[in-house]
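First listed ligand is number 1; within each ligand, the first listed atom is number 1. The first residue in the sequence is number 1, and the count goes up from there.
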Amino acid sequence: MKLYVYDHCPFCVRARMIFGLKNIPCEIIVLANDDETIPQSLIGKKMLPILVTDEGETIGESLDIVRYIDEMTGKPTLAAPASEVVEAWIEEASGLVYRLAIPRWSCSDYPEFKNESARKYFIQKKESVFGSFSALMKESPALIKDVNMKLTDLDQILAALPTIEQYSLTDILLYPVLRSLSIVKGVEWPVGLDGWRKRVAMDCNVPLNDAIAI
Ligand SMILES: N[C@@H](CCC(=O)N[C@@H](CS)C(=O)NCC(=O)O)C(=O)O
């Protein structure tokens with residue numbers, strides 16, 4: 001199987017996670033961010049992740065890929081119940097996380113930005129949606145303060161949940177958001193939550209971005 005991704009992309013992280021959690025081999029291909037031809041030819045639009053199965057079937061939505069791979073073995077890994085309260089937190093916090101992460105992604109050393117044209121493509125596309133990156137960077141101290149408070153809430157939410165030895169679809173939604181935030185320097189990770197994100201990173205074999213935080 002082949003999985004086309006961008007390293008920074010949280011939706012791609014969802015798809016990468018299920019391969020890691022189930023220990024299923026897959027060729028991970030990082031496309032240049034401005035390569036429109038390959039995704040267009042596979043699914044008719046410029047969007048990743050895309051899975052190409054051994055049978056040549058293409059699947060182009062992250063959660064469809066997750067479900068397909070989880071069900072493939074006949075023994076689901078995502079067996080724990082979803083958590084409404086955690087998913088509500090994700091909904092509330094995501095805007096804040098991406099306003100911090102996106103300008104930092106644009107100047108990071110991800111393989112999808114190896115060519116300058118790919119980096120420019122990303123910057124142009126995202127600034128048209130999120131506004132100027134220099135303005136976002138100036139907003140960072142206030143955004144980091146807000147996100148640190150949100151992390152304290154999340155830490156308490158996770159601590160209050162019953163301990164379950166299995167993963168859930170909610171974990172597949174949450175980890176990519178926290179991994180996105182890990183590129184931001186100055187974020188304070190409460191101890192319990194820090195343990196959670198590091199354990200998931202190991203289990204799913206998708207490393208955090210702490211080492212390249214800006
Ligand atoms: N609903 C899709 C969303 C995927 C998505 O938005 N991918 C982004 C990358 S993070 C993308 O490919 N955007 C087009 C682009 O970057 O040009 C999924 O869950 O797979």
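Shortest contact from atom 1 (N) of ligand 1 to any protein heavy atom: Glu61 OE1, 2.9 Å. Looking only at protein heavy atoms, the nearest one to atom 12 (O) of ligand 1 is Leu48 N, 2.9 Å. Shortest contact from atom 10 (S) of ligand 1 to any protein heavy atom: Cys9 SG, 2.9 Å.
Contact of the Ile50 side chain with the Ile38 side chain is not registered, since no non-hydrogen atoms from C-beta on lie closer than 4.5 Å. Residues Ile172 and Leu21 have side chains in contact (heavy-atom distance under 4.5 Å, counting atoms from C-beta outward).
Under 4.0 angstrom from ligand 1, the non-hydrogen atoms of Tyr6 all belong to its side chain.
Residue-ligand proximity, Lys125 to ligand 1, at heavy-atom distances under 4.0 Å covers atoms 14 (C), 15 (C), 17 (O). Counting atoms of ligand 1 from 1 in the listed order, those under 4.0 Å from a heavy atom of Ser62 are 18 (C), 19 (O), 20 (O). Short contacts between ligand 1 and Pro49, defined as distances under 4.0 Å to a heavy atom of the residue, involve ligand atoms 20 (O).
The residues Asp7 and Arg179 are annotated as salt-bridged, a charged nitrogen and a carboxylate oxygen being separated by less than 4.0 angstrom.
Each of Asp146, Ile183, Val184 was checked for a side-chain contact (heavy atoms from CB on, under 4.5 Å) with Leu100, and the lone residue meeting it is Val184.
Ligand 1 has an N or O atom lying under 3.5 Å from an N or O atom of Lys46, backbone or side chain.
In this structure, Thr170 contributes its side chain and Ser83 its backbone to a donor-acceptor pair below 3.5 Å.
Checked against the 6.0 Å centroid threshold, Tyr6 and Tyr110 do not count as a close aromatic pair.
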